[in-house]
Amino acid sequence: MKIIHTADWHLGNTFHGHDRETEQRHFLTWLVEAIRLHAPDALVVSGDVFDSANPSAQAEALYYDFLSRTAETLPGLQIIVTAGNHDSPRRIEAPAPLLGLHQIHVVGNVPHLSDGSPDISALAIPLVNRESGLVECVCWAMPFLRAVDCPEGVTQNDALGWYYEQFLRTMRRSEWRGLPCIATGHFYTANAEVCANEHSERLVVGGQDRVNVNVLSAAFSYIALGHIHKAQCVSNRPAAYYAGSMLPMSFSEKRYQHGVNLVEINSDGVTRVTRIDYQPLRALISIPQNGASSPDGVRYEVQKLPARPTDDDGARWPYLEIRVVQEQPDPSFFADICRVLQEKAVFLCRMNAERNTTDDREPELTVERLKDLSPLDMAQQVYREQYGNYLPNEMEERFRIALEEVQNEE
């Protein structure tokens, strides 16, 4: 039994204001080709198909176009799609009856019986070997577990453990008992590696959403995880893997390896996982590569960037961030850099200005002191606290003019 595991597509995502439809289409086209070459029996998508609960028409068109092309490319392929925390459970499930006719199984919510209890059996999807036509594995399609799916007062960690245990109990009583079993999941395991800064997974402050890896029963042959964007193995028994995101979602992810997992499971449930690497259409670059540079250093590096070819549509131009050390804001510097970048084959995403910290800052503002300060005094104070210098005359004059306009309107 061969399965391709992918997750965290985030269709419809924009990167610092730049549309990513071309990049997303490039990945999905690559994935269709990977499916053709490796001929899996099933494709598992572990959540966050879309970047928003209300995706754009273009994002939905990408999704359905992929499903259509995949069904045509490899007849008999089963596709399992589960909702992530970014997805709308109801919206992603809406076309499930129609998609089910094409062996595409979509699970947005944990289904419930008439008495209100979870319908565990409804989450079981038998996987058929395309060549033999026999059921050789069972997938427990678990979507992102929302508060409504957890008993009152029960943590997500304990709720997930309960669900996985119920899956296995149901399996032992089913007609498929004795077959290898895999599961999906969309959550943050406590031992998963994430970026300390600028993580884009919507993690709860303090790690309160972290799940102990012990809830992942060794009775599963493979657990296909989503939510964390860095591809990684978080457990060897059971084999629990994050497939990683389709594309980098922040500059902190610029060194992540992207792709999908090819999972092979034999009749005894022994699993072999092979990584299939994917190279995103656009790279992420930083000036400088690490830390921050002086204005002159930034100017030098920007001048070295390749020029924009006249016959290039920019589909492969990288995204750029700039980090510069400035003792005080310099609007002309930003304007100069943007002017140069208009001729360079890059997409500027952000320019972060930093300053060398000193110990001679004035005491922070207090409520008592604020009462005695005028708006201009406050602006001067805040500027000195941030930049260790006095507000430039030009900026002070602009502030006075703006203040007068506001007062006149009142």
Side-chain angles (χ1 to χ4, degrees), residues 1-8 40-49 78-85 87 89 105-111 118-128 135-146 149-150 156-174 176-192 211-228 232-244 260-266 268-273:
M1 173 68 64
K2 290 199 297 185
I3 300 166
I4 284 183
H5 168 212
T6 178
D8 295 279
D41 301 293
L43 171 71
V44 175
V45 187
S46 301
D48 283 354
V49 174
Q78 291 176 275
I79 301 177
I80 297 95
V81 180
T82 58
N85 59 305
D87 300 311
H105 310 274
V106 182
V107 180
N109 281 302
V110 174
D119 186 358
I120 301 297
S121 298
L123 297 173
I125 302 174
L127 301 182
V128 176
V135 176
E136 295 187 0
C137 184
V138 177
C139 175
W140 296 101
M142 185 70 187
F144 173 70
L145 199 61
R146 301 176 189 276
D149 301 312
C150 300
Q156 185 187 44
N157 186 95
D158 293 338
L160 279 166
W162 181 85
Y163 273 106
Y164 282 133
E165 179 58 32
Q166 294 307 307
F167 293 159
L168 295 172
R169 288 184 180 183
T170 303
M171 179 70 175
R172 297 186 193 108
R173 299 191 299 265
S174 75
W176 306 304
R177 60 183 177 275
L179 292 179
C181 184
I182 70 170
T184 67
H186 194 89
F187 50 83
Y188 172 23
T189 59
N191 59 335
V211 173
N212 193 308
V213 73
N214 291 333
V215 306
L216 310 179
S217 172
F220 292 107
S221 294
Y222 184 82
I223 299 184
L225 296 173
H227 188 38
I228 301 303
Q232 58 191 288
C233 173
V234 294
S235 172
N236 289 315
R237 184 168 173 82
Y241 285 76
Y242 287 104
V260 298
N261 287 347
L262 176 63
V263 184
E264 298 176 85
I265 306 173
N266 67 18
D268 296 324
V270 178
T271 303
R272 182 177 70 175
V273 181

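Keep in mind the model is a prediction, meaning the values are calculated, not measured.
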Checklist outcome for this item: In short, H186 meets F144 closest at the heavy-atom pair O-CD1, 3.2 Å
Item to check | L179/C137 under side-chain contact (heavy atoms from CB on, under 4.5 Å): CA gap, chis, key distance, verdict | outcome: CA-CA 6 Å; L179 292 179; C137 184; 6.0 Å; no
Item to check | Proximity of Y164 and F220 rings by center, below 6.0 Å | outcome: yes
Checklist entry - Does any donor atom in the side chain of Y163 or D149 lie under 3.5 Å from an acceptor atom in the other side chain? => result no
Checklist outcome for this item: Closest heavy-atom pair, D87 versus G47, reported as atoms and distance to 0.1 Å, is OD2-C, 3.8 Å
Checklist entry - Just how far is it from atom OH of Y242 to atom SG of C233, taken to the nearest 0.5 Å? => result 11.5 Å
Checklist entry - At their closest point, which heavy atom of P118 faces which heavy atom of V110, and how far apart are they? => result CB-CG1, 4.0 Å
Checklist entry - What closest approach, in Å, do S221 and A239 show between heavy atoms, and which atom pair accounts for it? => result O-CB, 3.6 Å
Item to check | With V128 via side-chain contact (heavy atoms from CB on, under 4.5 Å) - residues at least two apart | outcome: Q78, V135
Item to check | Test item: Y222 and I3 side chains (from C-beta on) under 4.5 Å apart, heavy atoms | outcome: no
Next on the checklist: Between N266 and D268, is there a side-chain donor-acceptor contact under 3.5 Å, judged purely by atom types and distance?
Outcome noted: no
Item to check | L225 CG to L216 CG distance, which is reported to the nearest 0.5 Å | outcome: 6.5 Å
Checklist entry - Hey, are the side chains of N157 and F187 touching, using non-hydrogen atoms and a 4.5 Å cut-off? => result no
Checklist outcome for this item: Value for SG (C150) from CG (L160), rounded to nearest 0.5 Å, stands at 7.0 Å
Checklist entry - Are side-chain heavy atoms of P89 and R146 found at a separation under 4.5 Å? => result yes
Next on the checklist: Does any part of the side chain of V107, heavy atoms only, come nearer than 4.5 Å to the side chain of T184, both counted from C-beta?
Outcome noted: no
Checklist entry - So do the side chains of L123 and M142 get within less than 4.5 Å of each other, counting heavy atoms only? => result yes
